[in-house]
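By convention in this document, chain letters (A, B, ...) are assigned in the order of the sequence lines, proteins followed by strands, and residues within each chain are numbered from 1. We use all heavy atoms of the structure for the numbers below, so side chains are in, but hydrogens, waters and symmetry mates are not.
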Amino acid sequence: MNLITDTLAWIGEHFASGELWLRIGEQMFYTVISVFIAAAIAVPIGYLIGHTGKGREIAVGVAGAARALPSFGLMLLLVSLVGVLQRPIAAFAAFVILAVPSILAGAYSGLQAIDRTTIDAARAVGMTEWQILWKVEAPLGLHLLVSGLRAGTLQVVATVTLAAYINLGGLGFDILQGIPLRRDAQVLGAAVIVILLALLLDALFGIATHVVDRVIPDGSPQRRPRRLRRAPSGRAAVVEAPTGT
Amino acid sequence: MNWLVNNYEQILPLLLNHLRLSLLPIVIGFVLAIPLGWLAWRFRLTRGLLLTLASLLYTIPSIALFAVLPPLLGLPYLSETNVTIALTIYAVALMSRSAADAFGSVDPDVRQSATAMGYSGWQRFWVVELPLAGPVLLAGLRVVVVSTIALVTVGVLVGVKSLGYFFTDGSQRQIPFEVFTGVVLTMALALVLDGLLVVLGRMVLPWSRPTTRRRRSPVLTEGAAA
Amino acid sequence: MIEFRSVSKRFADGTLAVEEFSLQIPAHQVTVLVGSSGSGKTTVLRMINRMVDPTSGHIEIDGEDISGVEPVQLRRRIGYVMQNSGLLPHRRVIDNIATVPRLTGVPKAQAHERALELMDVVGLDRSLARRYPNQLSGGQQQRVGVARGLAVDPNILLMDEPFGAVDPIVRSDLQQEILRLQRELAKTIVFVTHDIDEAFLLGDQVVLLEEGGHIVQKGTPEEILAKPANDFVSTFIGADRGKRALTEKKVGRRTVLLDADGNPAGVLTP
């Protein structure tokens, strides 16, 4: 019981002193920028692969190999290759590399899942390839793109937490510092905040997915009773990415 | 490079330890997830509950879970049990979802015909549903194996030695090659086990081998060129 | 008028879908391409709006070789109705119908108004305009598809087995709609089907194809029924099984027509 009150006290103090806000700010700074850059890279490539159908094997291969990449190790690797001043850039590079595969998979599979006849019809009524991409494929593929972004973001958040190991700030700092010093309230407090942050981001993406589904009907018949849908075995393997490291 | 020459004997013990640390969570995760996934598939009510819970657990960053479990379970921070339990939680969370999807992927018509032929519920599970759910279960298992192996490395921050040791040691001693070795070995371990699972899958699930890819109607795909 | 001159199509995987196909499709008439699967009829159709380009030969529309026309522009001038309607699932009915006008730059309000008019033309209740395709029945979706094809008032309407996916009652309804539309609008319609009865019902010119796009017989429905060119045609139109051979039988004051099995097929009306 004591631990709980101590932890709450710690959280309260550190919010009041602004320190936790700073840490959250650092965490979000790294996360948001990395995901943006990763999306800027991965979405066009994913759309290109999805629209033309070429390079599919590369996309699947990248997504598969990426899951085997230990994110903590990648971050430390890139950071160890550069001097102290370029550490943040190296860290950003690591975060971007970690987010790209999930977003790529989301972008590409979103397009791939669209009924071919819909795209054929769009072409037949005289849409240009660009119009097909923006007016038909992108909206219909949005659901899977969002889930790819979600996986990528959570992956980055988890890794950014570890950025404290190389003194880049973030919420992991209090955890990593507190463990050897046996400051239980600190460790628990910071951990709880990290978890809440991750859950919050996940919930935001959940809302986004819900909104996308409401605004963009995907053409599945609404009148017929829902049969249990088969899960394409590829999907579980492609979009889920480990958030832990 | 020098580092490797001087330290290669460190590799094997850490590799084996890493493997050992990964196996228990994977096995327990798989074994627990099957009934959980089946329940989630079978009963609408439990489905929402279980999958939401699984999804939430999976969202938790690993270092945070390593930090939160000890006070909850009365363990010291720097203990292997801590890491093992955390990894098991991740494995169960990830695998349950796959298991639910796997059971859902079994053709309802096949299930019905099995019942019509006279299989009892229990028999039907072992003889029909589980094997037919196999391919998707395998896909999920592969994901779990690969991600567990990657996650074990974070355990080094709570004193659990694995290939992750090369990360932190190399980082502190500023030997990029050591870190690189750690990364490569971790990935190699994951990919080798993944490959083994694929081979195992082909042996155990021969009917699921991919047939020649169905030719997309040439009539439909021509238009893109114009 | 649409003219095919020695058109062949060999696909990338080696299939020779169409070989040396030549045909004149007269304007303001319904020409039906009929044959079983693999006869190349859909390929021939899709060459008119350049969804497929021939490997050899020429296709001319009103004297202009279409290989010189920019495909996207060409498609915006030709109506295309496919099986399963091919509606954009994330757009409302009214937006689906207005797709091509909007693509050609017609202002939204104007395009929407035209769309509503077209809904009247194809027999759809205007209250369905704001719905999404997946909220409509199959027959309604097909009507939307036809309306969309007519939206820019094209001279040519291509229809690829448009009624294949709906049930017989709805199909019969839709066929009658096409006949009515054609009486009012007199478009050049090229219609693909594997159903010979549909071909005879709708076609002014019926072109019977076999594998490779080879024309086995072409002519009016009456000509084909009266003189099937060979056994293949006879089998296809059901003449060999006596479906088409009717005999008379007087019942009271009326003359009843019986098919070859003695089942009543109709009554002679003067």
- prompt: Quick one: does C:S172's side chain have a donor or acceptor within less than 3.5 Å of a partner on C:P168's backbone?
  reply: no
- request: If the plane angle is over 60° it's perpendicular, under 30° parallel, otherwise tilted; pick one for A:W134 and A:W130.
  value: parallel
query: What residue among A:L168, A:V157, A:V32 forms side-chain contact (heavy atoms from CB on, under 4.5 Å) with A:Q27?
result: A:V157
query: With only heavy atoms counted, which part of C:L74 is less than 4.5 Å from chain A, the side chain, the backbone, both or neither?
result: neither
Between A:I216, A:I119, A:T128, the one whose heavy-atom pairs under 4.5 Å with chain C are most numerous: A:T128
- prompt: Can you check whether C:L88's main-chain N or O pairs, donor with acceptor, with C:N96's side chain at less than 3.5 Å?
  reply: yes
field: Region of C:R148 that comes under 4.5 Å of a non-hydrogen atom in chain A
entry: side chain
